[in-house]
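Here is the naming used below: chain letters follow the sequence lines, and residue numbers restart at 1 for every chain. Because the structure is predicted, anything quoted here is derived from the model rather than measured.
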Amino acid sequence: MSIGLCLCKCNRTISDVVNIDALFDWYREQGIDVMGCDELCSADCQNELLNNIRENEWSGIVIGACSPKHYETTKNQSAILQSIADAGINPNKIAFANLREQLALPNSGDGVLEKAKCLIDVAISKIEHSADVLVEEIPPRRSALIIGASISGVFAALRLADAGYKVHIVDKGEIGDFSEYITPEELAKIDVSLTCAMTPSFAGIKMHPNVVMYPETTLTDVYGRVGDYTVQLEGGEILKVGGIIVCVRDAELTSKLRPILHIDIDSEGYFRPKNPAFVVETRDPGKYLAVGDDVRSDILAADSAVLSLTSILDKNEINHIIEVSEVDEDVCGGCGTCVKTCMFHATSIDLARNVSVTDATRCVGCGNCVVACPTGARDLVRYPNSYMIDAIRILGGFKTSGASPKVLAMLCDGSGYPAADRAGLMGLTYPTGVLPLRVSCAGRVDTQFILYAFKVGFDGVFIGECPEGACHNIVGNTDLARRANLFRAVLRSRAIDTDRLRIEEISPLEGDLFVEAINEFVDELRGD
Amino acid sequence: MNCGVIDMGEKVQVATTWLQSCSGCHISLLDLHEELLDVLDLIEIVYSPLMDIKEIPRVTVGLVEGAVANDYNEEVLREMREQSDILVAFGTCACFGGIPGMRNLHLLQDVLARAYVETESTVDGIIPESPEIPALKQHVHAISDIVKVDYMIPGCPPPPQMIKNAIVALVNGEEIVLPTKNLCNDCKRKHDSMLIPKRAFLTEAVQSAPELDKIDRDKCFLEQGVMCMGPATRTGCGSRCLDANMPCRGCMGPTPDALEQGAKIVNALASILPAGGLMFNEDVVGTGYRYSLPVSIYPHRADDLEEEVNEEENEGDEQ
């Protein structure tokens, strides 16, 4: 297998801090193809990268640049991931070394070059330990579910129905009763033209042949992927839709919908977009938010959500990366621990063969079952056990200077990792001896990893996770807390101070809190 | 493996020994009763603790019971390795350190002080020190820490039939193949709520087995709120404890895909049984690592400086 390494200078943001030339030489000597570029965001550099992939027939690529979050959460950069896959690299063989947000921005001075090597080595290890993921092509369903017959819900439904989509609109109350969604004061402020827009629109959906209404109805189950969701309504009726638009802004209702819809919430308990700049997108590309601050922005949000959704559902085919948890059937004894652990009802026991199986349409790839599996039979395609252990070993080899403690920072995909990114972008600093390792979820943090981290010489283990009630995967942080509570006895038995394990709740935008917490932890470890 | 060296024409020469152990694995071999005669048709035991022979002769198969806890254990083990074409870790202490391995939770000086000075019945105790007495090692080790091990037969003790099957396999030039699944695979008890895909604790309360007036013989222990190590334990024992209506204690050690047993049972049960530490009878470590502490990821105390182990011959265990 030949792996390529692409080192981005990020227009000197990275190269002013990290000696890129030294990295270049180091990896060339290791027999790895290395290419450099000034700004991987630019079309020129991306073309060069794609040409290199094709010419050198790389089967894996390490991108040493800015945070992988940029590639995964912004429209303009996610395109390059698709282009890399089109050039012949399996999506699971694309790995990132976050040299900007988690190195060049927060760190400086001695050790930066060594840390860069550690981060790149971890990315290489990820490629070496990861199997190819399956990519499925499915034709999307040209239908949508609208949750909430609010102002935005009604406008979204009308737009979609007019565009030829089958639309199902569900509301817990009467459909057409805007009073739930708009206060009398706000209603009083609306001029007559808007009132004239709202009432006929409402009549419009009632009259529209493409719209089916479900008043006084609640959802009991939603699963599937963009283009193909299965929705179960109270009473058992099943709907099949290609996409979902959520049009409610009500904290109580949100808390009821969240375990069904699996959309992240903010600190106030409302659904939140995956990126503050793109207000209608969630982390699931088939689920959108359409809620504004007033009637005008409601209508704009509805239009934006509809446009985003139809731009996907109008395609002939959608690619699905199957990133589920896998089972070693030679080892699984069918105990059912994974069945009890999974929040998403994705695991079950095949009774005929007495082994655990995964429903790929329900699995979100969080890895909680992998940790829970008492035999080790389960493994995660995206973050395999062997990679996690190897990554901790590599990071454990980092030499800190003097008395500076060495900290393994396992950062969850939902909060800890983006918070660390945010800290870098905010210009905040912390010691180089803090070594980040991305994990899919706090529920993916195996107590075996913590024990192994202490074995390979870390002074402390820091876990940055979503705040209580806001876990990306609903229960990952709860399960980590339960495991850690029991596991501290194991640390004590080895005479390892339990204060050397720190679990911190951080919201994704709270870069300052991340830095505060990590610096405090480092100080404590140093004995200050 | 070295199986090709076995000449089918004559009886296979076997040596057995015990190190830090209780001799239970040897007793289990004897527990084959009449079937032992079938085994003795195939093998000749030329050296064992039951025979008055001083030097270990050259043998095809060496069975080593027990963990390595003192210098003499190590010496015998190295000699056994030297003289055996095929070396088998015989029983859980040899495979994983076993019960003696729990000594690693304490500093050596504390262990000696407790044993020789502080026990309630001791008057004017002294810690013995003599070149005649083998020195205790800093830590207890599984034998694979010290020498290369070709096969293992886990169990405390391994069931007689499992020992027989292993010996017959070696005599026939085959590998010893251990089952790879967990005990639940062979557990005949019904488990119902474990299979319902709904997040919920299995029971409202947890209890230690002796507290219960009645344990349903036909129902999963965990579903009755009784701690059972079965999920994190390799099967192959014949589920003797379960048949006696006692939960699994984990003596067969971890499954091959787990890095260790103790952390794995914590991961597994934390979210399916209530009451945290209670489910472990307030002893997470004793429950999870009872038989396998020396092969844990972190096999001793952090404040206990590791002794030098000669790594030359140590190429790890195959299984």
Please state whether the side chain, the backbone, both or neither of [X] comes within less than 4.5 Å of a heavy atom of chain B.
X       : result
L451(A) : both
V456(A) : neither
N368(A) : side chain
I389(A) : side chain
D446(A) : both
L351(A) : side chain

Aromatic plane relationship, F521(A) with F462(A) - under 30° parallel, 30 to 60° tilted, over 60° perpendicular: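 Because their plane-to-plane angle lies in the 30° to 60° range, the rings of F462(A) and F521(A) count as tilted.
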Salt bridge present between E223(B) and R189(B) (N-O < 4.0 angstrom): no
Considering only heavy atoms, which portion of [X] lies under 4.5 Å from any heavy atom of chain A: side chain, backbone, both, or neither?
X       : value
I196(B) : both
P231(B) : both
L183(B) : neither
I272(B) : side chain
S296(B) : side chain

Looking at chain A, which one of [options] has the largest number of heavy-atom pairs inside 4.5 Å, strictly under?
options                            : result
C187(B), C184(B), P197(B)          : P197(B)
A258(B), C220(B), P254(B)          : A258(B)
T255(B), L222(B), N104(B), L202(B) : T255(B)

Could you have a look at [options] and say which one has the most heavy-atom pairs with chain B under 4.5 angstrom?
options                            : result
V331(A), V339(A), T447(A)          : V331(A)
G336(A), G334(A), C335(A)          : C335(A)
D328(A), I349(A), I496(A), V371(A) : V371(A)
G376(A), A377(A), P374(A)          : P374(A)
S493(A), A489(A), C369(A)          : S493(A)
C342(A), A372(A), S356(A)          : A372(A)

K126(A) charged N/C atom sitting above Y383(A) aromatic ring, 6.0 Å / 45°: yes
Geometric cation-pi criterion R482(A) and F201(B), 6.0 Å radius, 45° cone: no
Within the 4.5 Å heavy-atom criterion, are [X] and [Y] side-chain neighbours or not?
X       : Y       : result
T358(A) : R378(A) : yes
C412(A) : H472(A) : no
I297(B) : Q448(A) : yes
T235(B) : N182(B) : no

Crowding at CD, E468(A) (>12 non-hydrogen neighbours, <6.0 Å):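 Counting other residues, nucleotides and ligands, CD of E468(A) stays at 12 neighbours or fewer.
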Pairing residues for D499(A) by the salt bridge (Lys or Arg N to Asp or Glu O under 4.0 Å) criterion, not counting sequence neighbours: none
Donor-acceptor pair between R382(A) and S440(A) side chains, under 3.5 angstrom: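 Side chains of R382(A) and S440(A): no pair found under 3.5 Å.
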Exercise: do D479(A) and S271(B) side chains pair donor with acceptor under 3.5 Å: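 Yes.
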